[in-house]
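Here's the structure we're looking at; comments come further down.
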Amino acid sequence: MSTDTATPPAEQPDAAENPPPRPGFTQLFGRYLIEANSVMVTVYSLLLAFLIGAVLLIVSDENVRSTYTYFFARPQDALTSSWILVRDSYLALFEGAILNLNTLERFQAGTAEFGDLLRPISETLLNATPLIFTGLAVGLAFRAGLFNIGAQGQLIFGMLGALAVGFSLNLPAVVHLPLAIVAGALAGAAFGAIPGVLKATTGAHEVISSIMLNNIAFFFLVWAIGTGFFHSETKSELVTKPVDESATLPTLLGWLGAGLRVNLALIVGLAAAVFTWWLLSRSTFGFRIRAVGFNAHASATAGMHVGRTYASTMAFAGGLAGLAGAALSLGVGSSGVTTNTALEYGFDGITVALLGRARPGGIVAAALLFGALKAGALSAQPDVPVDISTLLQAIIVLFIAAPALVKAILHLRTPRGGMVTLEAKGW
Amino acid sequence: MATDTQVPPAFVGGSAPARHMKAGVTHAVLGLFLIAIAFAVLGDDRLTHIAFDRTLTDLDWALPTQGIVLALGAITAAIGVWMVLGIPQRRFKPAGATAVTAFVLAILIWSYSEPGAVFRAESILAGALFLAVPYLFGALSGVVCERSGVINIGIEGQFLMGAFTGVLVANITGNVYAGMVGAMLAGSLSTMLLALLATKYQVNQVVVGVILNLLALGFTSFMYDQLKKAEGLNDAYGIPTLTWGPLADIPVIGPVLFQQKLVVYVGLVLVFAIWFLLYRTRWGLRTRAVGEHPAAADSMGVAVNRLRFWNVTAAGLISGFGGAFFTIANSLAFNKNMTAGLGFVALAVMIVGRWNPLGVLVGALIFGFTTKIAQDLDASGSALVPGEFLQMLPYAVTLVVVAGLIGRAKAPAADGVPYNPGDK
């Protein structure tokens, strides 16, 4: 389907007769800025998304909206209140994700610890961790031409798998923690393989089957938490037993302050990204994934098992999403898992993978960005609606997926070699 | 469920008996399972109660559960054996359908034999038709889009936009019907974006569809939180149930057909209207041509991308109206993600209906019935299956149906393929 990735024009300007003057750095850079290449499309997508977000904030805020009723009498009221609203909202996101200016002042005055200063960053990294895994889960499948929107369900099964091992076995930490993580990955892989196998054997489209499995997984989670095996022995509400100390993920920055929750799973996530990169670009399996994703018919003609590749890619992707689940259930500490622990990390994996253009490096960067957005939104609620992160993410990736739209809105130039877009197959 | 195996081409369509090992064994096993259940689980004193709860309220049928399950199990098993031994080709499909129906019926009769459970036939059938409405609208929207060659995975998002905007407009104007129009326009606005990206910018439709779902989810959830701060923007508005005078008193048919809300009738009319438009009008011919072979349509003077754009935009009116089901037709206020993936179930309904409005009606009724049964069994507290598993049922059925059908149900040939007139 994606056959026509525009090849650079083959015209050779008569360079020998009339060499054009070499453009200087400023000129090249300026040209780069007004070109729809992937870097600038990303930058402009972010800017446009925050702009649209600002408009929505203004439109939906009752107090600010009321100042627009007398806009023509006193425009400065409307403009000032809009500006203050947008500034405060985005500042709240920034303070929740990067650096709290209030804490900075207290730190300078000597009333806050250095650890307090790091808390927003730690929250960003904590929220980015599952996104790295789910982003990789979606991105890897993308490379095989599969649109895995089932990361949420795979994550839920990973969560339950890791949890089951995490509280039921009695082992030393050296064995227990890795075992619990592996259990999460395997549970996710088993669940993730289903849409792949269905596609391979029956041709069922993975978008529908994986979204159905998401819903099934959610109800399974609600049921599982209520069962005697998982349900907390001390609390009456719908919450599971906590994992043992020996299976809890150790915090990375805990020695700097008590509230720094970012844990070892971040390192595992980065390792998974490196491994996925290696897998995709250096291994035979990865070659097969890319070949099938590029042209399934040609790969089949070349003797590759397309169906088997679909199934194993989905299992692998499910395993990655399962690791996200393990990171969540082994990271929550003593509080146990609820039906709400998974949030929307699986669905966010879709936006992460699209922003990261299905490349491991890009996915890590996108996960950090969206992790920051999520951490900011979680800390800024209820002043700013928490779903502003979902909204901004969706707008950003809409532009990323449709670079031609960004190009048209901002009158950018077509870059040499065409624009990068992502493809997923129809029925 | 019935899988064809190794049918020699010469026999296809003929009446010579052919063996169907996989399908036969599956049916035989299902039948034996029922027989085993009948003897092991069901005692001979178990009764399944069927009531006509709205018209003939004092009638109560009590059927012997064990005997019926046994009989249905025997039928299923017998058909399985027949398939293994060799079945005339033209009898294969009807036989498979009979076996599956018998199996489902047996499971139903078993479920409603639990102590305290009563199959309230009229309420359940009327509820099934009502619950078929969102599937119907979503799938019809999908049919219009995909017949024009654009994949609409964003039905879920259009539902959400319709559900949200419907309530908002109803609250602002104080008129529930204005709310329904608002829902249609909101759905249309969101498909217009899809149409623009799919035709003018030739973006991948599956990717954009999924993103539009996320966008709708983010937008409606965000607005929900913002508007919650003000009074009177998300109050529940409902529409009345229409009762057709004496017609509503006919047993079974009355409560099911002549005592429903407006949305049900709109849906039924729309099925036939779209069928007529697609197969009996010039617009329909052009639309189908554009979905099957856009280059040919183009050479006959049809403006492919313009037709696609307006068809997809119009389809949004349908799915947006379907969104109003969740709030207005149910007299509910908007809530975050209240459509809960049913937009995707609607896509499965479209596939079951093989991209044909009449087929879609049948599919929607099956799914509406499944959903209603799951809700009813859950509410009656029948202990056979945990409630969570009943809630999974529509999704699980979708999974099975999509897996079982998609290979054989054929999508329009140019479905999802952007058309660039310069590429010829």
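Given the structure is predicted, the values throughout are model-derived calculations rather than measurements. Below, read A as the first sequence line, B as the second, and so on, with proteins coming before strands; counting in each chain starts at 1.
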* Asked: Are Lys336(B) and Asp225(B) within salt-bridge range, i.e. N to O under 4.0 Å?
  -> yes
* Identify which part of Ala216(B) has an atom lying under 4.5 Å from any heavy atom of chain A, answering side chain, backbone, both or neither. => neither
* Asked: Using a cut-off of under 4.5 Å for heavy-atom pairs, which of Pro195(A), Ala404(A), Pro385(A), Gly226(A) has the most such pairs with chain B?
  -> Pro385(A)
* Select one option (side chain, backbone, both, neither) describing which atoms of Leu212(B) are under 4.5 Å from chain A's heavy atoms. => side chain
* chain B heavy atoms under 4.5 Å from Leu405(A): which part of the residue, side chain, backbone, both or neither? -> both
* Picking from Phe219(B), Tyr224(B), Phe389(B), which has the most non-hydrogen pairs under 4.5 angstrom with chain A? -> Phe389(B)
* To do: Without swapping roles, check the side chain of Asn305(B) against the backbone of Lys200(B) for a donor-acceptor pair under 3.5 Å.
  => no
* Given Tyr44(A) and Phe399(A), is the ring-ring contact (aromatic ring centres under 6.0 Å, His included) satisfied, shown in steps? -> CA-CA 9 Å; Tyr44(A) 290 130; Phe399(A) 287 127; over 10 Å; no
* Asked: Which of residues 48-56 of chain A get closer than 4.5 angstrom to chain B, counting heavy atoms alone?
  -> Leu56(A)
* Asked: Where on Lys228(B) is there a heavy atom nearer than 4.5 Å to chain A: the side chain, the backbone, both, or neither?
  -> neither
* Asked: What heavy-atom pair brings Tyr419(B) and Gln202(B) nearest, and what distance separates the two atoms?
  -> O-NE2, 2.8 Å
* Structure fact -> If one checks every heavy atom of Ile149(A) against chain B at 4.5 Å, the contacting part turns out to be side chain
* Which answer fits Leu215(B), side chain, backbone, both or neither, if we ask what part of it has an atom under 4.5 Å from a heavy atom of chain A? -> both
